[in-house]
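Presented below is the structure to which this report refers.
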Amino acid sequence: MNQRKILVTAALPYANGPIHLGHLVEYIQTDIWVRFQKLRGHHCLFMWADDTHGTAIMIRARKEGRSEEEVIAEANAEHQRDFAGFQIQYDNYGSTHSDENKKLCGEVWQSIRDAGLVKEKDVDQLFDTEQGTFLADRFVRGTCPECNAEDQPGDNCSKCGTTYSPAELTNPVSTLSGSTPEIRTAKHLFIELEQLHGFLEDWTQTGDHLQPEVANYLRGHFLGDPQSAEGAKPLRDWDISRPAPYFGFEIPDCPDNYWYVWFDAPVGYIASTQQWCERNGDTLDNWWKNDAAEIHHFIGKDITYFHTLFWPGMLKSAGYSLPTKVHIHGFLTVNGEKMSKSVGTAFKANTYLDHLPPAALRYYYASKLGSRLDDIDLNFDEFISKVNSDLVGKVVNLASRSAKFVKDTGLSNSYPDDGGLFESAASAGNEIANAYENCDYNKAMRLILELADKANPFVENAEPWNLRKDPAKSQELQDVCTIALNLFRQLVIYLSPVLPDLAEKTGELLNDPLLHWDQSQTPLTGSSVAKFKHMMKRIEEKDVRAMEEASKIEAEQEAAQVDNHSEQFADSEQPMIDEPMTDECTIEDFMKVDLRVARIVNAEHVEGARKLLKLTLSLGGDHRKQVFAGIKAAYEPDQLVGRLVVMVANLKPRQMKFGLSEGMVCASGPGGEEVFLLTPDEGSKPGQRVH
RNA sequence: GGGGCUGUAGCUCAGUUGGUUAGAGCAGGGGACUCAUAAUCCCUUUGUCGCGGGUUCGAGUCCUGCCAGCCCUACCA
């Protein structure tokens with residue numbers, strides 16, 4: 001087999017937080033692929049690093065009163081600890097905050113400059129004068145300029161869906177300091193990606209660098225289709241600089257400006273390789289400027305854009321090799337729901353490892369992962385039954401039911417007739433290898449388990465437990481166990497990219513380390529057999545529950561910490577207890593309710609009514625609604641006339657004792673004297689819909 | 001609003017270029033075995049292949065229209 005040179009990366013973990021099971025989908029996927037390639041005898045490197053730059057880390061360091069370097073050093077140690085715990089094996093773990101990266105960024109930058117892709121533009125951005133920093137969109141909240149919804153994110157309104165720039169918000173507030181930011185204009189540098197349009201069109205649409213749905217997505221969303229009636233669409237300029245202060249690398253030819261984190265992060269792949277090369281006497285060009293070397297990136301679908309447009313563009317401009325393939329995966333859901341930090345389903349790697357073995361998750365993910373972008377679900381019932389029945393019940397069982405019979409004799413000196421079992425399983429190796437190669441791990445697992453399902457009946461029929469009772473059949477007993485253990489060993493070789501631990505233990509059991517895929521093609525004979533020890537423990541439900549519980553407690557503790565930061569708003573929990581949250585509703589459900597701003601044009605007592613006031617509401621023009629509202633104990637009619645309220649305007653009219661009520665007025669509070677009418681902010685007009 | 005993906009047994013999913021009676025694992029039911037981590041083995045129940053049209057000698061598979069779910073979204077296609 002000719003040896004391939006394969007360089008692999010996974011997305012760089014951000015140094016601002018712990019690793020959770022969602023991240024691990026990708027890292028385990030990558031590790032399996034790398035281990036597979038190495039097992040096949042290829043020269044494969046996994047080059048990885050922490051992503052360390054950006055505003056988030058700068059802010060966090062400030063908050064904690066220490067340097068950014070301290071924050072990222074701590075994260076680096078934690079990350080590497082977690083990866084070791086999950087048996088994720090990389091050849092170098094660097095940091096984007098390294099000298100190598102800084103130098104490489106400079107070189108890439110210069111090439112892009114030389115290619116004439118950089119231009120300057122002024123950008124209006126909000127500036128927090130208290131913190132002395134420009135604010136990224138996510139650090140600004142304010143009132144939506146379109147629908148006046150308050151406390152909306154900096155980039156789009158969660159109520160009406162309008163998108164805007166933070167500078168357009170009506171009452172912008174910095175979430176860092178709580179102060180009102182001001183608009184400042186600053187010079188930014190942009191890369192004119194459109195100049196590379198033809199290249200990107202070609203690279204994304206041909207050559208099998210991307211999964212087909214990704215290529216479609218890029219064409220549909222960004223590139224356009226030159227063949228279609230609309231034609232190609234221009235690519236937007238990419239804002240690549242951030243003014244000081246910013247935690248990152250200062251741009252050499254543009255003092256006081258820094259590369260945006262997404263510029264230096266992927267260069268970190270190259271920088272990490274450089275560190276490895278220096279340590280191993282290799283050269284960078286051998287990997288990054290060599291047509292004979294493949295480059296594979298594993299990423300999540302959320303960062304598709306950066307890795308399939310910007311990154312190839314950068315590489316192309318700087319004269320590096322382009323990715324052979326970008327492998328993109330979906331997200332993790334837990335028991336069918338989105339992971340949630342507050343609910344505690346964003347299980348931390350560390351929390352998992354406190355209660356459960358890494359092999360179980362590695363196998364479970366492998367059995368779920370396909371080559372496409374579908375989300376995968378972590379369902380704990382399935383998790384338990386899959387690991388127990390597939391791995392312990394079927395695979396490991398082969399060894400545990402036969403090894404001890406040959407502890408003293410070892411394996412037979414020649415491989416006995418097994419009716420073609422070993423041979424057919426050996427020839428299945430190609431299909432299994434293809435599945436691994438294509439990231440169809442679920443298919444690989446299925447194929448492997450099929451083999452296990454053939455091996456167990458063999459043992460069943462051969463009845464070694466009966467053979468051992470008859471001394472005359474000792475050779476037959478040894479032969480049967482030799483077959484069972486060889487079939488087991490073969491399965492373990494196939495599984496070893498997923499379960500390195502099991503491979504190692506199997507090597508020890510049979511006194512023959514499992515290091516190469518080809519070992520699956522030839523039976524092992526004459527080897528001694530060690531005393532059998534449990535190779536894998538069954539998963540117990542109580543361990544899963546314990547992990548869930550621990551994670552929940554962590555989530556609560558973190559929430560409590562956040563609360564401490566906002567003591568000034570220490571509101572009681574009582575209202576939520578009195579009226580717990582109702583079931584989730586969809587936007588469609590909500591849109592059924594037509595809420596309108598209305599002006600109370602008349603209010604009067606109703607004779608004979610204990611709680612009711614009769615209100616006449618105007619929706620502007622001639623639109624009048626009569627509403628009976630149970631607010632008599634809380635409001636005097638006089639206070640009400642003229643004011644604006646929010647009403648349910650499309651409520652089915654209801655005949656009441658005192659007349660027809662054509663809607664409801666929105667108010668909070670338990671009732672009685674404690675009723676608080678909702679008031680729209682100044683500027684809203686009767687008849688406007690509330691979204 | 002637009003785009004993409006998905007919809008096959010209770011659950012998780014296979015179903016190659018359209019071709020006999022639609023499959024596997026798990027779960028369920030019955031039995032066997034006792035070497036093995038209550039593991040294993042044999043037998044077995046279950047399907048309007050989301051719905052409706054169409055193309056075809058023949059459609060789970062191709063076309064089309066709906067419906068549902070998930071994801072994306074740079075008011076952009």
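Every chain is numbered from 1, with letters handed out A, B, ... down the list of sequences. Note that the structure is predicted; figures quoted are calculated from it, not measured.
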Exercise. Could A:Lys301 and A:Asp375 be called an ion pair, given the rule that one side-chain N must be under 4.0 Å from one carboxylate O?
Worked result: yes
Problem set entry | Value in whole Å for how far the P atom of B:U12 lies from OH of A:Tyr364 | 9 Å
Problem set entry | Shortest non-hydrogen contact from A:Gly300 toward A:Glu26 | N-OE1, 3.2 Å
Exercise. What distance, rounded to whole Å, do you find between the two C1' atoms, one in B:A22 and one in B:A59?
Worked result: 12 Å
For this session: Assert yes or no for the condition that the ring centre distance of A:Phe405 to A:Phe532 is strictly below 6.0 Å.
Result: no
Exercise. A:Asp390 has an atom CG; how far is it from atom P of B:G25, in whole Å?
Worked result: 11 Å
Exercise. A:Asp237 has an atom CG; how far is it from atom C1' of B:A74, in whole Å?
Worked result: 13 Å
Exercise. For A:Ile376, which of A:Tyr365, A:Phe331, A:Tyr364 qualifies under side chain to side chain contact (heavy atoms under 4.5 Å, CB included)?
Worked result: A:Tyr365
Exercise. Tell me, what's RNA chain B's dot-bracket, Watson-Crick or G-U with both distances under 3.5 Å, | for other-strand, [ ] crossing?
Worked result: (((((((..((((.....[...)))).(((((.......))))).....(((((..]....))))))))))))....
Exercise. Charged N to carboxylate O below 4.0 Å: is that the case for A:Arg545 and A:Glu548?
Worked result: yes
For this session: Write down the distance between CD1 (A:Ile328) and C1' (B:C72), rounded to a whole number of angstrom.
Result: 12 Å
Exercise. Is it true that the NZ or CZ of A:Lys119 lies under 6.0 Å from the centre of A:Phe190's six-membered ring and within 45 degrees of the ring axis?
Worked result: no
For this session: For nucleotides B:G7 and B:A14, find the distance between their C1' atoms and express it as a whole number of Å.
Result: 15 Å
Problem set entry | Under 3.5 Å donor-acceptor, A:His534 side chain and A:Met536 backbone | no
Exercise. Rounded to the Å, how far apart are A:Asn379 CG and B:C26 C1'?
Worked result: 12 Å
Problem set entry | Protein-to-nucleotide contact annotation, 5' to 3' order, nucleotides 34-40 of chain B [B base; S sugar-phosphate only; - none; under 4.0 Å, heavy atom] | SBBB-SB
For this session: In whole angstrom, give me the gap between the C1' atoms of B:C67 and B:C43.
Result: 41 Å
For this session: Pick the C1' atom in B:G53 and in B:U16, then give their distance to the nearest Å.
Result: 28 Å
Exercise. When rounded to the nearest Å, what value does the distance between P atoms of B:A68 and B:C51 take?
Worked result: 15 Å
Seminar exercise, completed: Rounded to whole Å, CZ of A:Phe383 lies from C1' of B:C13 at a distance of 19 Å
For this session: Measure from CG on A:Leu391 to P on B:C26 and round the result to the nearest Å.
Result: 13 Å
Exercise. When you compare B:C5 with B:A9, how far apart are their C1' atoms, in angstrom units rounded to a whole number?
Worked result: 23 Å
Exercise. What is the distance, rounded to the nearest whole Å, between atom CZ of A:Arg446 and atom C1' of B:U16?
Worked result: 13 Å
Problem set entry | Pairwise P distance for B:G2 and B:U48, with rounding to whole Å | 33 Å
Exercise. Does A:Arg242 count as lying over the ring of A:Tyr260, i.e. NZ or CZ under 6.0 Å from the six-ring centre, within 45 degrees of the axis?
Worked result: yes
For this session: Can you tell me, in whole Å, how much space there is between the C1' of B:U20 and that of B:C57?
Result: 14 Å
For this session: Indicate the atoms forming the closest heavy-atom contact of A:Trp259 with A:Tyr246, along with that distance.
Result: O-CE2, 3.4 Å
For this session: Tell me whether the OP1 or OP2 atom of B:C76 has a side-chain N or O from A:Arg236 closer than 4.0 Å.
Result: no
Exercise. Which residue lies toward the 5' end of RNA chain B, A:Lys386 or A:Asp374, if each is placed at its nearest nucleotide?
Worked result: A:Asp374
Problem set entry | A:Arg446 side chain near A:Ser367 side chain, heavy-atom distance below 4.5 Å | no
